[in-house]
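None of these values were measured; they are calculated from a predicted model. The figures here come from the full heavy-atom set of this structure, side chains too, leaving out hydrogens, waters and symmetry mates.
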Amino acid sequence: MALSKSQAKAFEKWLAERHVHPKCPACASESGWTVHDQILSTMVLDLEAKKISPSTTGFLVLVCKNCKHVLFFAAPPILQG
């Protein structure tokens, strides 16, 4: 699902309000993060039932501009809050 401009701005505001640090935990670069332009969804695997189903939670994603390390944030509390 494509991330709208207003959703991207809401995410960026949420990150700023919580003082999410620009330093990457993987490479220590402070070059910053790129907001991925999609809301990602995942699949829930039930190995006992041998069943796969879509998750109800989408994720907002930050990608390190230097090493491409990825951080995931649950979308509903950010975009609905």
Side-chain angles (χ1 to χ4, degrees):
M1 171 186 218
L3 191 63
S4 71
K5 287 183 182 182
S6 65
Q7 289 171 324
K9 285 185 187 270
F11 184 34
E12 290 169 2
K13 179 181 176 192
W14 185 90
L15 293 167
E17 289 172 349
R18 283 152 183 82
H19 308 287
V20 174
H21 198 281
K23 184 175 180 179
C24 176
C27 72
S29 172
E30 293 194 30
S31 62
W33 299 91
T34 299
V35 175
H36 184 64
D37 62 354
Q38 300 280 319
I39 297 174
L40 300 183
S41 65
T42 60
M43 302 301 284
V44 176
L45 300 173
D46 183 340
L47 297 176
E48 288 183 20
K50 297 181 182 176
K51 182 179 176 184
I52 187 169
S53 58
S55 170
T56 58
T57 301
F59 293 92
L60 299 168
V61 179
L62 291 181
V63 181
C64 174
K65 290 181 179 180
N66 184 57
C67 74
K68 307 308 179 213
H69 180 69
V70 177
L71 298 177
F72 294 93
F73 297 85
I78 295 169
L79 299 179
Q80 296 171 1

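Linking Ile, Leu, Val, Met, Phe, Trp and Tyr residues whenever their side-chain heavy atoms come within less than 4.5 Å leaves F59 and L45 in two separate clusters. Placement of V63 and W14 in two distinct hydrophobic clusters is found when ILVMFWY residues are connected by side-chain heavy-atom separations under 4.5 Å, directly or transitively. Note on I78: it does not cluster hydrophobically with L40, by side-chain heavy-atom contacts below 4.5 Å among ILVMFWY residues. By the criterion of side-chain heavy atoms lying less than 4.5 angstrom apart, applied directly or through intervening Ile, Leu, Val, Met, Phe, Trp or Tyr residues, V61 is not grouped with F11; the two fall into different hydrophobic clusters. Linking Ile, Leu, Val, Met, Phe, Trp and Tyr residues whenever their side-chain heavy atoms come within less than 4.5 Å leaves V70 and V35 in two separate clusters.
Smallest separation of non-hydrogen atoms from A2 and Q7: O-OE1, 3.9 Å. Smallest separation of non-hydrogen atoms from P76 and G58: CD-O, 3.7 Å. Residues A74 and P77 approach most closely at O-CD, 3.5 Å, considering heavy atoms. When every heavy atom of I39 is checked against every heavy atom of A75, the shortest pair comes out as CG2-CB, 4.3 Å.
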Checklist entry - Taking it one step at a time, do W33 and L15 satisfy side chain to side chain contact (heavy atoms under 4.5 Å, CB included)? => result CA-CA 11 Å; W33 299 91; L15 293 167; over 6 Å; no

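Considering CZ of R18 and NZ of K13, their distance stands at 9.5 Å, rounded to 0.5 Å. Rounding to the nearest 0.5 Å gives a distance of 12.5 Å between NZ of K23 and OG of S31. Rounded to the nearest 0.5 Å, atoms SG (C24) and CG (L71) are 7.0 Å apart.
Pairs of residues two or more places apart, or lying in two chains, never qualify as side chain to side chain donor-acceptor pair (under 3.5 Å) while including a residue from residues 38-65.
The ring-ring contact (aromatic ring centres under 6.0 Å, His included) test applied to F72 returns no partner, not counting sequence neighbours.
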